[in-house]
Each structure stands twice: as structure tokens, then as C-alpha cells.
Amino acid sequence: MIADENCKLCKMWQGVARVCERGFGSEHADILVISRLPNSGAYQDMIEASLTEAGVDLTRCFFTASIKCRNFTLEARKKELKACLTYLEQEIATIQPKWILAFGNEPLSQLTNHSGINSWRGRVIDGPGYKLIATISPASVKRNPGQAEGWQADLQFFAHQVAGIPDTVKIPRMRVVKTKRGLKLLKQAFLAADLVSYDIETTGLDEWGKDSAIVTCAFTLRTEEHLEVWLLPLYHPESPFNRGWRRVLAYLAPAFERIPKKVAHNGKFDARWLREFGVQADVTFDTMLAAHLLNENRTKGLKPLSRIILGVAPWEISTRNLVDTPLKEVLKYNGLDTVYCYYLYLVFKEELIADLRLLRIFNKLMMPAANDLIDIERRGTWTDPEKVATAVNISYRMRDEIDAKLREMVPNPSNPGSSIYAESNSPWPTNSKGKPVEVNFNASNFCRWWLFDHLGLPVLSRGKSRDDETPGMPSMAEEVMIELKATNHPVIPLLLERSKWQKYCSTYVTRYQEVAGDDNRVHTTFKLHGTVTGRLSSGKEDEEKITARRDRGSGVNIQQVPRDPFIRGLFGAPPGWSFVEADFGQVEFRLAAFISGDPTAIGLLQRGVDVHLEMAAKMMSKPASQVSKDERKHAKPVNFGFLYGMGWKKFIHTAKTKYGIDFSEDAAKMARKTFFQMYPGFLTWHARQRRLAHQFGRVQSPLGRTRHLPDIYSSDPDVVSEAERQAINSPVQSMASDMNLLAMILINRQFKQVGLEAYTLGVVHDAINFEIRNDAIHTALPIIKRTMENLPLKRTFGVNLTVPITADLKVGAWWGGATDVLEDHVYNFNPVKELYVPVR
DNA sequence: ACCTAAGGCGCG
DNA sequence: AAAGCGCGCCTTAGGT
């Protein structure tokens, strides 16, 4: 077969033992397996073993590679892949495979025009005469053993596709509701069902949008041991209920709400929409959240989970625009979602029952929180429209003024600069197409050329090298620019100042103004499955994240609002209401003390001592009473950094960039030493977490939340070290966020019981934000503080905390403009005297 | 027009 | 060799 040992089509031939290695395997193969490079013996063994395990007949396989020269020193880029494709195409023409299994991004991009292996893996892609399925490369599995499970599942899926194994899941009869009588029957079916798995299809992502509508609904109902699927057309143009779909929902709502068990995949989304249109239904079991809790590392989508766990073939819909898709197609798709969701529920339920601590977290934290978040996301956070408008104007003006100054300094052939720096005659830079780049004061190729080539400022740091020949691009990070201030070139402070205003314009103030509705509220989507530790993440709905479709996004990340009062002060409470922020105080340090059992740390916390002050005293070798404010400030990064195993080098860096404090090498080393001398228990705790991770491949928080750390078994020591540090951090971060979640749930419950006009706006990891009507504050504050400081961890999770937990409350008209409420005043709040009356 | 990767930076 | 952890969003560059 084709192989040119004199090939010089690209650089890869240099220094390899064998140029252009051909593939091997059965001449009558109908399966082509493509790796990145010709496999070494060990990788070939690994691939063959895994394929056999998945059920692929090796005698039907031909093995080859994207890049035919096994060159480990040079990196194959587009050019090389294109050159080598010639040989690959010849192999395909000769073998004429029916199936191709592509390992990694290289064969995927060579053969399909697609790139990004993680979004394309596990999908059947049609090629000329063959079907291609891609997955990650065995090399990446070996480096990150955490990938092994998903990799094997992809191979299994490939084997199923090749063998044509039928779906393992039986699809019940589906019936479509078309008439009034059908609606009546569906209502009766609701009343007879003990469980429903449901899903809705919608016109857009924001339920409050002007044209938003529910296109179809599907319900898998379980009644006395048998399943039936009901499909309900609503707003779809072919639907008989197209005009009266809201009335249909209203008619069905009471019966639907009465079904005791409601299962859905990412049910918060569906429940939020249904609530918008008058259906008040909580989700009792969310399969996506269960999947996440059981294994936080795996993919969360209904389709990949169904593929991996149920072994079913993918079910797709031809277009994203449901209104233009035939009703029949939409309904079938919608119905299958609910059927597979039901079968996933059966699997996950058993898995949770097998781990009662996880089941407890699921039932007592995740599901109640998910249902609370429905209302929280719907409410949104109020922004002051006038303040926002002013902030937008100021931000743009500041940025544009700086731009104007910069533009005068931009090199101009007819106006050679008067800078004290030698201006080289380095030519104006061009882009990949050979066109001159435009003036751009962001971190662009123009600026890199201007600063480092034209003005000759020193390159202090570079990014990653993209290939072997060219070095990485000069860094324009803030810390680099701060260093460059020393050059006294006037362009540096301008660029530094500009980047702040540019960020305000692009990411913050303008976005807030764009997404605030008529009610001046901005919304977010919280994900309970957004992090591996159990923290919530915040942002837009997934589908809104596409860069090219910025106009459609309407959510913001409420957890990354800059602390600058100029920005944070845009959020607040409407007239007559107050913004209340409740923070747990140094909760991670407290929990680290609890988990490690370090007697010094526990003792200090029990006595209510300021740990930062104490650290400063130790560092300065003097009594705490003589520690200055500045000295205490120096102690803060010490406590935060070394807690999770930071090295002295990184410590110098973070102390400088995050706290603006200079530590010399010796001082940093000394600080680290002092820290562990003061809390020797932290060192043994670190060692214990490393040992546990190596022994079990996972660690658990005191409440029972699990962090799987398969990478601990990596052959790469860097990867192992990373997993070890995660083993130290995870239980602490997990417990802190679960406590915050529990507090939120309990506080909301009390607000409802008392009927208070007090509402949660969101959580920011160890803090909860509320909006409370002024006449309810004196009732709400004690509830908040008492709940946060006295969480029923013993009763709910069997955990006896040995350290006190404190909550700090702030009340005000605006976030960030709020003032602390003294401890005594929380329990004795005098609304007349003490209520912060906002000046508007 | 749409997509991905990387750099950079906002938050806890 | 290098070594806190956990996130999401925006921009640029370089593709199809």
C-alpha cells in the first residue's frame, strides 16, 4: 500500500526512523481506526484491549494514523495534517471502510471539517461511503485516567453502531393529544399516575420574552406498573391548540401539579417556563443533578447519558427551529426525551440509594435548592436604571478619552514619535491574510508590535508556543504592564487604565443595561451542576453562550460582579425595599480547621480570635495587641494561600497581584514556615488527603459529597500533584458551599412560613443576597443570622462542628453600598432609627 | 456566518 | 519542571 519513504510534503520526516509508516491490519477490513501518530506497541495493546472489551472484532479493523511519521519532537499543525491527508485518503480509497473510528482532534479535523473533539465525540458523522465516530485519543486517556470511563463508553457506542445492536430501552406506545376529548383523557391519566417524567420544547430561552411560547410538551406517565407516553402539541403551527395553548395548560395544570413524583432532566428550566405560564410544579427528581452528584466529572446531557448508561442510539432533530419542523418530528423527539429520562431516573435512583449520604444531599440540598432557584432566577436582581445609564456614559467616555490620547501616540509614518525610546523601523504588522492590522488598544497584535517591536519595550513574559519554531506571543497581562511602568513610557499607564474601562463597557455596565427588562431586573441561570465541588455556577443559559450570537444572550454572571462600588452599587433594591447581603466569615478557614482537627486553629476560632491578626503577630514576633493594620493585611494572603498547599513562588505572585503586597523570597519562605509552625495539623491533614486520594481515587466532604480524582493514577507527576491539591481543597470547598445552600433553603422556608416579603436574589459561594421590604427587615435579619450561624448539621447530616460559624450582615439600598449591621442590632433592629434610608 | 483555542481577568 | 482550589465572559486570532 501507499507509502512514500522519501516524502518531503511537510517537516515531519525530519529525524524519524521510518518516514511515512503505512497502516496495518486486515486487507478486507471494513473498520478503519485512525490515531494521531502511528501507535507504539503499548498504545496499540491498549487500543486493542479496549476495542475487544467493547465488542469490536479486531479482524475487521485496519489501523492507521493521521500523521504517518512518528515524530515526537515536531508538532503537526494544519499544514502537516493537510499534507498527510493525501496518504490517508489513498488508504480510505483502497480499504473502503464502512466505519471510521477517529482518535483525537487530528483525524476528526482531517476528515470532517469539524474541530473540537470534546464537542464532536460520540456522534455519528456521515462521510463519503463511511460513517465516522470520533473520540479522544488514547494518549490523553493515559495522561488523564479520569477520561477512561468516557473513552470506553465511546468505544462501546462505536461497537454498538457497527454491530447494529438495537436499543436496550423499550419505547412505550406514544399517543398524541389532538382533541378536547384527548385533553380530558390526559387529565385523567395525570390523576391516575404516581410519577411523570416530563419535558417541554420552547421557542426561545427566556420565558419572559415577548414571543416566548411552549411549542410542545411530552409526558411519560407511570400508572400501576405500566408506562404510557402522551404528546401534547401546544404553540406549534400544526397544533390544534395553537391559539389556545395557554388555556390548555391552565386546564391541565391542577391535575399535573397533583402527580406526586415529577422527574425531569434539568427540570429547573422546564419548571421555570411552566411557572411563567401558571403551572406551579416542583421537580422531585432531576436526572441531571443526580448524574452530577453521582459522578461530578461526567457529561450531563440527556443524550450522552442515555448513550453511555442506557446504550441507546442518538435521537436528533433536524433543525433548531422547532416551529418550522414538522409537528410529528418535534413530538417524537420530545417524547423520547421523557422516556429516556425515565429510564435514567430508575438507574440513578438505585445508585443514590446505594449511598445514603449522597441520597441525603440530593433530597435535602439539591432538589430543594433547585426548586428555590426557579423563583430566584425568575425574580432577578433590581438595578437602578439611572445609575446604570450614568455608569454606561462614564465608562464609554473614560475609555474613549484614553483612546484619543493613545491614538495621538500611535506611530505614524508622517509623524515620527518623540518618545525617549528608540523607535525601530519594524514594519507595521499584518494578519494571516497579509493585510495590515488595524489600530487596536486591546491585547492585540497591533499593541504587541507597538510596544515590543516598535517602541522596543522589554518582553517580560510570553504565552504558550503554538509550534516548535516560533516562541509564544509577548504577554500583555496586567502584571506585565505594571512591571513595564518602570520604563516610564506614557503609553503604559494609559493602557492599564484603559483595560479597566474597556472591561466595564464590554462585560459589565453595558451588558447590565442591555439585559435589564422593563422591570429593570437582570437575570441569571444558576447551575447546581456547574462545579465539581458542589458550588453553584452562574451565567447565561448554555445555548446563549455562542460568541457569534451575542444579541441573544440575556443572562449575566451574578457571581463575578466587580467589587468596585461603581459597578456593584448598580445592583440594589427598588424603593421601599433593601438589599441585604449575608456572608459566612472566613468559612473555608474554619472548615479547614474542623476537618484537619488542628488544635491551635480550633482553639483560636472557639475563642473568637482574629486569625489574621494572630498570624501577623506570629510573623512579627510580637503580641497581637501591637500589630498594626498594615501588618494584619500582610497576614491575610498567608492564611489563604498556604491553606491549600501553595508554594512560596506562587505566594509571592498572588500576594502581589491580589493583595498588592511585596514579599521577598526569604520573607515568603519564612511566611510559609511560620504558617505550618503555627498550625502543624494542616500539614498532617494535607498528607492525609493525599493518602486518601491515592488509596481510594476519591475524597469526600464531611457531609458525604464525593470528589472523584482518577487523575491521581496518572503517569504524569504534574497531573498527580494537581489531583493531590484538589484532594485537599475539595472537601473544604464542598462543605462550605453545601452549608451555604442549606442556609438558603432554610431561610427561604422560614420566609415563606412567616409570609415575609423577603426574597433570595442569589448565592455567591459563601454569601447570600436578599431583597427585603423595609418593614420586614427587623423580622428577616434575625432569621438570616440565626439560621446561618446555627445550621442543623448534626440533625441533617450527623456532623458535629467543632468550630463556630459566623455570619456578617449588611443592609443598604445597594449592593456594595450596604453598611454592616452590628450583632446586637440584628436581633434588635429598630426600623425607624436604623433603617438605611436610601438617597435616590 | 460560524466556530475553536488561547489569553486575560472578573468573582469566591 | 513546577506546584492553592473553584468558576464564566470577552476578545483576538486564525480557521472553514
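Quantities reported herein were computed from a predicted structural model and do not represent experimental measurements. Naming: A, B, ... by sequence-line order, numbering from 1 per chain.
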Heavy-atom nearest nucleotide on DNA chain C for K649(A) versus S730(A): which residue maps closer to 5'? K649(A)
Pair pattern of DNA chain C in dot-bracket, where unpaired bases get dots and | marks partners in another strand, Watson-Crick or G-U under 3.5 angstrom: ....||||||||||||
It should be established whether S475(A) places a side-chain nitrogen or oxygen under 4.0 Å from OP1 or OP2 of nucleotide dG8(B). yes
Could you check whether F446(A) and W428(A) have their ring centres less than 6.0 Å apart? yes
Would you call the rings of Y508(A) and Y504(A) parallel, tilted or perpendicular, where under 30° means parallel and over 60° means perpendicular? perpendicular
Remember a base hit wins even if backbone is also touched, and classify V556(A) as base, sugar-phosphate or nothing at under 4.0 Å, heavy atoms. nothing
Please tabulate, for the side chains in residues 638-650 of chain A, all donor-acceptor contacts under 3.5 angstrom to protein atoms that are two or more places apart in sequence or on a different chain.
from    : atom 1 : to      : atom 2 : distance (Å)
N639(A) : ND2    : H612(A) : ND1    : 2.9
Y644(A) : OH     : E588(A) : OE1    : 2.4

Under 4.0 angstrom between Q560(A) side-chain N/O and dC9(B) OP1 or OP2: no
What parts of residues 104-117 of chain A reach DNA chain C, counting only heavy atoms under 4.0 Å away? N113(A)
Would one find a side-chain N or O of R462(A) under 4.0 angstrom from OP1 or OP2 of dG7(B)? no
Considering every strand and a 4.0 Å limit on heavy-atom distances, what is the contact class for E478(A): base, sugar-phosphate, or nothing? sugar-phosphate
Distance, rounded to the nearest Å, where M481(A) contributes CE and dG7(B) contributes C1': 14 Å
Among the nucleotides dC9(C), dA1(C), dG4(C), whichever has the atom closest to the side chain of N729(A) is dG4(C)
Does a nitrogen or oxygen in the side chain of N440(A) sit under 4.0 Å from OP1 or OP2 of dT12(C)? yes
By salt bridge (Lys or Arg N to Asp or Glu O under 4.0 Å), D564(A) pairs with (sequence neighbours left out) none
Listed by chain and number, what are the salt bridge (Lys or Arg N to Asp or Glu O under 4.0 Å) partners of R399(A), not counting sequence neighbours? none
Look at the side chain of Q559(A) against the base of dC7(C) and say whether a donor-acceptor pair falls under 3.5 Å; ignore hydrogens and angles. no
Starting from C1' on dT12(C), measure out to CE on M476(A) and report it in whole angstrom. 12 Å
Ring centres under 6.0 angstrom apart (F579(A), W815(A)): yes
Between dT11(C) atom P and W501(A) atom CH2, what is the distance in whole Å? 17 Å
OP1, OP2 of dG8(C) versus side-chain N and O of S537(A): anything below 4.0 Å? yes
Check the distance between dC11(B)'s C1' and L536(A)'s CG and give it to me in whole angstrom. 14 Å
How would you label the contact of R672(A) with the nucleic acid (heavy atoms, under 4.0 Å): base, sugar-phosphate, or nothing? nothing
Within residues 441-451 of chain A, those residues having any heavy atom closer than 4.0 Å to DNA chain C are N442(A), A443(A), S444(A), N445(A)
Which residues satisfy the salt bridge (Lys or Arg N to Asp or Glu O under 4.0 Å) test with E377(A), sequence neighbours excluded? K268(A), R272(A)
Quick one: which of dG10(B), dG4(C), dC10(C) gets closest to the side chain of Y644(A)? dG4(C)
Provide the distance between the two P atoms, one in dC9(B) and one in dA1(C), to the nearest whole Å. 29 Å
Within the 4.0 Å heavy-atom criterion, would you say K503(A) contacts the bases, only the backbone, or no part of the nucleic acid? base
Whole angstroms only, please: what is the NZ-P distance between K650(A) and dG4(C)? 5 Å
Residue pair H708(A) / N295(A), side-chain heavy-atom distance below 4.5 Å: yes
Could you work out, with side chain to side chain donor-acceptor pair (under 3.5 Å) as the rule, every residue matching N769(A), not counting sequence neighbours? none
For V732(A), answer base if it contacts any base atom (sugar-phosphate contacts may also be present), sugar-phosphate if it contacts only those atoms, and nothing otherwise; contact means non-hydrogen atoms under 4.0 Å. nothing
Are the side chain of R590(A) and the backbone of G585(A) linked by a donor-acceptor contact shorter than 3.5 Å? yes
For Q726(A), answer base if it contacts any base atom (sugar-phosphate contacts may also be present), sugar-phosphate if it contacts only those atoms, and nothing otherwise; contact means non-hydrogen atoms under 4.0 Å. sugar-phosphate
By nearest atom, which of the nucleotides dG6(C), dG4(C), dT11(C) is closest to the S506(A) side chain? dT11(C)
Measuring to OP1 and OP2 of dC10(C), would you say a side-chain N or O of K540(A) lies under 4.0 angstrom away? yes
Any donor-acceptor pair under 3.5 Å between the side chain of R725(A) and the base of dG4(C)? no
Counterpart residues, side chain to side chain donor-acceptor pair (under 3.5 Å), relative to E80(A) (two or more places apart): none
Please classify the nucleic acid contact of K658(A) as base, sugar-phosphate, or nothing, using heavy-atom distances under 4.0 Å. base
Please identify each residue that fulfils side chain to side chain donor-acceptor pair (under 3.5 Å) with N113(A), with sequence neighbours left out. none
Find the distance F642(A):CZ to dC5(C):C1' and express it as a whole number of Å. 15 Å
Can you name the side chain to side chain donor-acceptor pair (under 3.5 Å) partners of D583(A), sequence neighbours left out? none
Separation between the P atoms of dG7(B) and dA3(C), rounded to whole Å: 16 Å
Establish, with yes or no, whether the OP1 or OP2 oxygen of dG12(B) is under 4.0 angstrom from a side-chain nitrogen or oxygen of R563(A). yes
For Q733(A) and dC11(B), what is the distance between atoms CD and P respectively, to the nearest whole Å? 17 Å
Just the rounded figure in Å: distance from P of dC5(C) to CD of E588(A). 13 Å
Selection residues 706-717 of chain A - residue pairs positive for salt bridge (Lys or Arg N to Asp or Glu O under 4.0 Å), sequence neighbours left out: R143(A)-D716(A)
